[in-house]
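Notes for the one structure printed next.
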Amino acid sequence: MEGEIITFGKVWLSAYASLSYCYVMAKFVPRGLPRLAALIPVVFLFLYLPLNLSSVHLGGTTAFFLAWLANFKLLLLAFAKGPLSADPSISLPRFLALACLPIQNSQNAPPPLPGSKSPRKSHLNYALKGLLLGLLVRAHDYSESMHPRLILFLYSFHIYLCLEIILAVAAALARAVLGLELEPQFDEPYLATSLQDFWGRRWNIMVTRILRPTVYEPVLRAAARVVGRRWAPLPAVMGTFAVSAAMHELIFYYLGRLRPSWEITWFFVLHGACLTVEIALKRALTGRFRLPRAVSGPLTVGFVMITGFWLFFPPLLRFKADVRAFEEYAAVGAFVMNVGSTALNLKTIINATDPVLRSLHFYKYNFTNNSVRRF
């Protein structure tokens, strides 16, 4: 694990050096194809860097932040769009943070997604979720006596709670150190009442924000010329889910280094197709018929979880992401215990030698005069 942490530091130093080049280059190279050509080497580098890491947590986070978020933001920068172009006078530290981390400048924050609420939650909300996450980690000790379907059910909540808490901690650090807000990641997805509500406003909102200007809007404009503005969102949705499927396949490859089985692609293609049908039905019915929340909510969450058990989780289990993740938890726990033990031993040594240290501090021998002087 120590070697992985050192490699992790080298990877991110390389990323920051590359982004510093992008910061300077964007001030002199005109937007469009010239700037895109200057950014392409960095895009390929960010696709390569996660291959140097094998940890589920460090490698997965790096792959998501660099290969996906940073690359998409750099592609927007090439055409003077996106968060990196919102403020021409942005400083280098803020540029680096905005480029590769899921944060946004509160002064230039994009408007909230339609129908979404404020992502800021109470401390009690996070405390309860932290308690649930601890119980789920503890429940893993009894996984051998659980039904496989129950284990998958627990994994789905484990992933959600783990991501939400990690990002909440990062949000607090971003506000304290940089004065920046973390982009919202989740908005209680278990309360979704439709696939449009789940994918567009509640689940992985930061990905929705980056896919909207890079994929959805360009496809929407192109489709409007072919099928008209009314039905253009349908191919735009399918195009967005197709790109999301490709990026998830890439992230899963970074995590497992296994040849893609394309189950992840089918998961997102299926959801894109179902969401397209849902949008088409809503436009055709124009509000004349709507299922009650008590019915649409369980149907939506149930559909997401069943298709997740069928197509999303099997690739994760195939390269033992769960086992490796808990091994990393154990390694971190052992490291903390060792640090605590070392600190305790050091404190014991200091306490044992404290009288001698005080004597040396207050008295000094003067060998010239063969006397003792008090200070």
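Quick caveat: nothing in here was measured; it's all calculated off a predicted structure. Computed from heavy atoms alone, side chains included, the values below leave out hydrogens, waters and symmetry copies.
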Original post:
Angle class for the Trp203/Phe198 ring planes (parallel below 30°, perpendicular above 60°, tilted otherwise)?
Top reply: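 Judged by the thresholds at 30° and 60°, the geometry between Trp203 and Phe198 is parallel.
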**OP:** Hey, can you tell me if Phe268 and Phe241 have their rings parallel, tilted or perpendicular (30° and 60° cut-offs)?
**Re:**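 Rings of Phe268 and Phe241: tilted, 30 to 60°.
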Using atom types as modelled and distance alone, determine if a side-chain donor or acceptor of [X] lies under 3.5 Å from a backbone N or O of [Y].
X      : Y      : value
Arg324 : Ser54  : yes
Lys81  : Pro213 : no
Arg31  : Ala78  : no

**OP:** Run the numbers on His271 and Trp266 for ring-ring contact (aromatic ring centres under 6.0 Å, His included), then give the verdict.
**Re:** CA-CA 8 Å; His271 276 260; Trp266 283 114; over 10 Å; no
**OP:** Answer yes or no: is there an ion pair linking Arg318 with Glu263, defined by an N-O contact shorter than 4.0 Å?
**Re:**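 Yes, charged N to carboxylate O under 4.0 Å.
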Considering all heavy atoms of both residues, which atom of [X] and which atom of [Y] are nearest to each other, and what is their separation?
X      : Y      : value
Phe72  : Ile210 : CB-CG1, 3.6 Å
Leu195 : Thr300 : N-CG2, 4.0 Å
Ser85  : Leu77  : OG-CD1, 3.3 Å
Gly60  : Leu255 : CA-CD2, 3.6 Å
Ala321 : Val56  : O-CG2, 4.1 Å
Asp197 : Leu191 : OD2-O, 4.2 Å

Subject >> Cationic tip of Lys27 above Tyr23 ring, under 6.0 Å, 45° of axis >> reply: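 Cation-pi check for Lys27 and Tyr23: passes.
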Original post:
Does Arg212 count as lying over the ring of Tyr216, i.e. NZ or CZ under 6.0 Å from the six-ring centre, within 45 degrees of the axis?
Top reply: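 So Arg212 does make the cation-pi contact.
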**OP:** Give the cluster check for Val227 versus Val219: same hydrophobic cluster or not, with ILVMFWY residues linked at side-chain heavy-atom distances below 4.5 Å.
**Re:**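 Yes, same cluster.
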Subject >> Residue pair Thr62 / Trp12, side-chain donor-acceptor N/O under 3.5 Å >> reply: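 The answer is yes; a qualifying pair exists.
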**OP:** Check the side chains of Ser55 and Glu4 for a donor-acceptor pair under 3.5 angstrom, ignoring hydrogens and angles.
**Re:**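 No, no side-chain donor-acceptor pair sits under 3.5 Å.
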Original post:
Between atom CG of Asn71 and atom CG of Leu250, what is the distance when rounded to the nearest 0.5 Å?
Top reply: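 Spacing of CG (Asn71) from CG (Leu250) equals 9.5 Å.
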Subject >> Pairwise distance CG(Leu49) to OH(Tyr254) - rounded to 0.5 angstrom >> reply: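 Taking CG in Leu49 and OH in Tyr254, the distance rounds to 8.5 Å.
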**OP:** Could you give me the CA-CA distance, side-chain angles and deciding distance for Leu74 and Leu19, then say whether side chain to side chain contact (heavy atoms under 4.5 Å, CB included) is met?
**Re:** CA-CA 9 Å; Leu74 290 178; Leu19 289 171; 4.1 Å; yes
**OP:** Assess whether atom CZ of Arg229 is packed by more than 12 heavy atoms of other residues, nucleotides or ligands within 6.0 Å.
**Re:**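 Not more than 12 within 6.0 Å, no.
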